Amino acid sequence: MGLELKNLYNDFRDAKTIKAYAKLIAQDAKKLPRPINIMEVCGGHTHTIMKYGILQLLPPNIKFIHGPGCPVCVMPKERVDHAYALAMQKDVILVTLGDMIKVPGSNGSLQDARAKGADVRFVYSPMECLKISKENPTKRIIFFAIGFETTTPMTAALLEQVIKQDIHNILVHINHVTVPEPMRVLLSDDECNIDAFLGPSHVSVISGSKIYEEFPKKWGKPVVVSGFEPVDVMESISMVVKQFVESRCELEVQYKRAVTYDGNLNAQKLIAKYFEKAPHFRFRGLGDIPEGGLKLKKEYDKYNAEVIYDAILPKEEIDDHKLCKCGEILKGKATPPECSIFGTACKPNTPIGSCMVSSEGACAAYYKYGNLL
Amino acid sequence: MTNTITLAQGNGGEENNELISNVFYRAFENEILAKSEDAAVIESGKLAMSTDSFTVSPLFFNGGDIGKLAVCGTCNDLAMMGAKPKYLTCSVIMEEGFELNQLKSIVESMKSELAKNGAVVVSGDTKVVQKGSVDKIFINTTGIGEVLQEGISSNNISEDDLILVSRDIGAHGAAIFAAREGIELETELQSDCESLFSTVEALITNGIQITAMRDATRGGLAAVLNEWAKQSDVCIEVEEEKIPVNQYVQGICEMLGFEAIALANEGTFVLAVKEKDTQTALDVLRKFHPNAQIIAKVTQEKPKKVILHSSWGTKRFLETPTGELLPRIC
Ligand code: SF4
Ligand code: SF4
C-alpha cells in the first residue's frame, strides 16, 4: 500500500487558502444582523478547531459551541462498568477501540482492569477479533463496540464473518449511537442557543447527508456537512455565514469529495441486517435519548454479550461526579474552562469525566491546545 | 498517581516523569541525578554514564531490531552529552522457548552497532525466566563514555540559542506502529534507529558551541522541547512548518490520529546551538541527513512553555504527550 496521503492533506492545510477564507468570513460576518453560534456536533471538529487555532481566525460575532459527537464522551458510566465487569470474567479477552480503554468507570477504567490482570486489547479494526479468536480458541472474545454511524458498519461486518465462519467464541456488546437524535434533543431544550450545525463528514460518508434534512426544514437550523482539515472547516464556516447573510436555511455539503445524499447503501443494508433502533439509549450528560442508539436484533441473542452475561452486568444508572460539568458541555451550554476542576483535579492522566479522556473530547481539546489565549 | 503502575507511566511523557520524580528521584536524590540529563557526567566532567532497558514489539522491524536499539540507545545517550561511547555492559532477560537463531541475530546486530561507535561490551549477564514472565526478551545496556566537549546541559539554554533538529521526526514510532499486529502496513518507512556519535563528533571537530543535545526518544520532539523549556526556564517558539516530517510518517499519523511530534525516535536528536554557530551546525548535520532543520527560537514569551506557530498565523501550546498512545476511534 503506497501511503501517498501527502497530496490528500497538503492542500487542505494550505496557509494561503486558510487566510483567504479568514478574510472572506470576516467580510461576510460584518453583514450579520446578530452574532451566531455554530455547533460542531463532532469531537473531531472540536479538535480541528482547537488544534489549528481556528477560533483565532474568526471575528467575535462567530462563536462555536461544542457538541455531543464523541462516542467515548457520551458513554454513560454504567456501560463502562459493563466493559469492566466483562473484562474481569475468567477466560475472557475484552476487545475494544482506542480511547475507550482510558474512560473511568465506577471501579476504574479498562486500563486499570488490565493492570489487575484482565486481558484487555485495543484494535484498529473489529475484524482483528477474528484473528484473536483463532489464536485463543479456549477463550471468549468480547468485542465492546462503540462509535457513531462511522464505526457501526465494521461491527456489522464482524458479525457477518462470525456467522459465516461459524465461530463460537466471539460475542459483541453493542454501544453504537446515532447523530440526529441527540441533535433533536438539544434543539428541543428551551435554553438552546444553537444557530447552525457543522455535521461530521465521515458519518455522512456512511449515512448520507440526508440524515440532516430535517434540521433546516423542520427546525430552521442550517447544516453544513464538513470535512476535518482546517481548510474544510474554514470553508464550512464561510458557507454557514453566507447562508445567514443571504437569509437562506439549507442543508449543504462542503465535503463533496466523499459525501453523497444517500451515503453508502451497502453499509446501511449491512447495519439494518443486524441492528435495530434501541427504544432508548442513555447518553452521558444528555440523559435518555429516544432511539439514540442501536441494539442487536433479537435473533442474534447468542452473540450478544449483554444477554449472555446479563446476570453479572450492573443495571443501575450511575451519574457522573458532582463537580463534572460534562453534561452542560455536551449540551453546548458551558465551555470546559467553566468547569471548576478543569485542569486541576481533572487532567488527561487523572480524568474525572470522559470529555477529558477521549482524544475527541472537548475538555481534552481545551487542555491540550486551548490555554494560550 | 494511581496505586498500581499503568502502561502510561512508561510512555516518556507526563505520567512517566511524575513516577520518576516521585519514586526514584526522591529516594536516590543526589546532585548528579538531579540534573536529569541524558547521561550522568561523573569524575569531574571526564566521564559520562548512562543505562537503559529495551523492550520492543515487534523485536525485528524495518530499519533495525532490539539489539541495534539496545546499543544505539545507550551510546546515543552518551553522545548527547558530548561523550565518546567506550565501554558497555549487556544484560539479557529471556523467556524460555526463545529461539536461539533470533538471539544470535540480535547479538550480531549489537556487534555491528558497537563497531560503529568504537565501543566494546566488557561485562554482561544472562537470565532465563519462565515463559510468560517477560515478553520474549528484555535487554539492558549500561555505557561509559569519555567526554569530548564539556558543559553540554539542557539546563543552560538561553535566548542566544536556536533549536535545530537533526533529521525528519517520528520515523521509529511510525515504523513500529506500522509493523504492529493488526496494522501491518506495507510501507517503505524505516525506523531512524541509528548511532549518533559520528554526527556529534563532526559537530565538535567543526568547533560548534553546543548548549544542549538530546535524542528525541519516547515522547518525541514534543517531550524534549517541553523538558528543555522547563529545565532552562525559557519559552521555545517553534515554526510548525519547519519541522521536517517524512510523508510516510505523516501518512501513518493521518490514519491513526497521531502527531509526528509526539512519536518516538531512535536516531534523531534536537540541539540548542549558539546563534552564531547555527549555519555551520546545519551544514554539518546536513552531511548526515539532508533534512536537518532550524525549527525554533528561544524567547521569554511564556517561560517553561513551548509555543507552536502555524503558517497561517495562529498559535498554540505544544504540551508534553500524556497517556498511552492510542489510535483514535473514528
Ligand atoms: S465518531 Fe465520528 S462523529 Fe463521533 S466524535 Fe468520532 S469523528 Fe466525530
Ligand atoms: S474538566 Fe473534567 S470534570 Fe470538568 S467537565 Fe471536563 S471532563 Fe468533566
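As the structure is a prediction and not an experimental result, all values here were calculated from the model. In what follows, chains are A, B, ... by sequence order, proteins preceding strands, each numbered from 1.
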What's the separation between atom [atom1] in [X] and atom [atom2] in [Y], rounded to the nearest 0.5 Å?
X        : Y        : atom1 : atom2 : result
B:Thr320 : A:Lys368 : OG1   : NZ    : 11.5 Å
A:Arg13  : B:Ser311 : CZ    : OG    : 10.5 Å
A:Gln56  : B:Arg316 : CD    : CZ    : 10.5 Å

- prompt: Around atom CD of B:Gln130, are there more than 12 heavy atoms of other residues, nucleotides or ligands at under 6.0 Å?
  reply: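 Atom CD in B:Gln130 is not packed in, count stays at 12 or less.
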- line: The interface call for B:Glu259 against chain A, heavy-atom contacts under 4.5 Å, is side chain
- request: For B:Trp312 and A:Tyr52, indicate whether the former's side chain and the latter's backbone hold a donor-acceptor pair under 3.5 Å.
  value: yes
Segment of A:Lys51 engaging chain B (4.5 angstrom heavy-atom cut-off): both
field: Minimum heavy-atom distance A:Gly53-B:Thr314, with the two atoms named
entry: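 It is O-CG2, 3.1 Å.
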- prompt: Using a cut-off of under 4.5 Å for heavy-atom pairs, which of A:Leu57, A:Thr96, A:Ile132, A:Thr17 has the most such pairs with chain B?
  reply: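 Looking at each option in turn, the highest pair count goes to A:Leu57.
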Pairs satisfying salt bridge (charged side-chain N to carboxylate O under 4.0 Å, His left out), at least one member in residues 17-26 of chain A, at least two apart: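 Listed once each, the pairs would be none.
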- prompt: Parallel under 30°, tilted from 30 to 60°, perpendicular over 60°: which one fits the rings of B:Phe177 and A:Tyr124?
  reply: perpendicular
